[in-house]
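Beneath this line is the structure, given in structure tokens, with notes to follow.
Numbers here simply count residues along the sequence, with the first being 1.
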Amino acid sequence: MKSDMRFPDDENGQVLRQMVEQGDDLSVPREVDFAVVFPTEDAALKFALRLLKSGQKVSFSEYEGNEALPWQVLAHPFMEPTHENISGYEGLLAEEAESLGGRNDGWGCEAQS
């Protein structure tokens, strides 16, 4: 398979490449869900509050996918899913979550055509 030079050879690039191959129009902005997981409910709530104070849409829940990080915050920014936007937002979330023991746990969005 030929490499698509629009996307770097990393995990986000692979996901975006696959989205295009499946017919997704990445030029259409949409809500993208970014998951961040935490070791304690208190840490997750503090993180969610920080995002809310900066005008972000968030959701909060228990998370069964990782015993060590059983609390999840989802951030739901509205954006065009470019590699730069996705990776940049993940970087901001990781930086903010680190002091609370949190870490990024992926992202996703609904396909647009």
Subject >> F47 side chain reached by V58 side chain, heavy atoms, under 4.5 Å >> reply: no
Original post:
P29 and S27: which non-hydrogen atoms are nearest, and at how many Å?
Top reply: CD-O, 3.3 Å
**OP:** Hey, could you give me the CZ/NE2 distance between R17 and H83, rounded to the nearest 0.5 Å?
**Re:** 9.0 Å
Original post:
So if you build clusters from Ile, Leu, Val, Met, Phe, Trp, Tyr with side-chain heavy-atom gaps below 4.5 Å, do L52 and F34 land together?
Top reply: yes
**OP:** Can you measure from CD (Q14) to CG (L16) and round to the nearest 0.5 angstrom?
**Re:** 10.5 Å
**OP:** Evaluate the side-chain proximity of Q72 to N66: yes if any heavy-atom separation is below 4.5 Å, no if none is.
**Re:** no
Subject >> ILVMFWY cluster, V73 and Y63 together (side-chain gap under 4.5 Å) >> reply: no
Original post:
Do C109 and M19 come within less than 4.5 Å of each other through their side chains, counting heavy atoms only?
Top reply: yes
Subject >> L26/E80 under side chain to side chain contact (heavy atoms under 4.5 Å, CB included): CA gap, chis, key distance, verdict >> reply: CA-CA 7 Å; L26 298 183; E80 188 176 318; 5.9 Å; no
**OP:** Taking all non-hydrogen atoms of both residues into account, name the closest pair between P70 and P39 and its distance.
**Re:** CD-O, 3.6 Å
**OP:** For the pair E62 and W71, evaluate side chain to side chain contact (heavy atoms under 4.5 Å, CB included) and give the outcome as yes or no after the intermediate values.
**Re:** CA-CA 5 Å; E62 287 187 67; W71 296 95; 3.1 Å; yes
Original post:
Going by heavy atoms in the side chains, are D24 and Q18 under 4.5 Å from each other?
Top reply: no
Subject >> Candidate list R30, K57, E31, Q56, test side-chain contact (heavy atoms from CB on, under 4.5 Å), partner P77, passing option >> reply: Q56
Subject >> Donor-acceptor under 3.5 Å (N104 side chain, E90 main chain) >> reply: yes
Original post:
So do L45 and F38 actually touch side chain to side chain, heavy atoms under 4.5 Å?
Top reply: no
Subject >> Connected via hydrophobic side-chain network under 4.5 Å: V20 and M79 >> reply: yes
Original post:
Say you draw a straight line from CG of D105 to CG of L74; how long is it, rounded to the nearest 0.5 Å?
Top reply: 9.5 Å
Subject >> Verdict with reasoning, V15 to F7, per side chain to side chain contact (heavy atoms under 4.5 Å, CB included) >> reply: CA-CA 9 Å; V15 171; F7 307 113; over 6 Å; no
**OP:** Mark yes when over 12 heavy atoms from residues, nucleotides or ligands other than E11 sit less than 6.0 Å from its CD; otherwise mark no.
**Re:** no
Subject >> Any donor-acceptor N/O pair, S54 side chain to L51 backbone, under 3.5 Å >> reply: yes
Subject >> Connected via hydrophobic side-chain network under 4.5 Å: Y89 and V28 >> reply: no
Original post:
Are L69 and V36 co-members of a hydrophobic cluster defined by side-chain heavy atoms under 4.5 Å apart?
Top reply: no
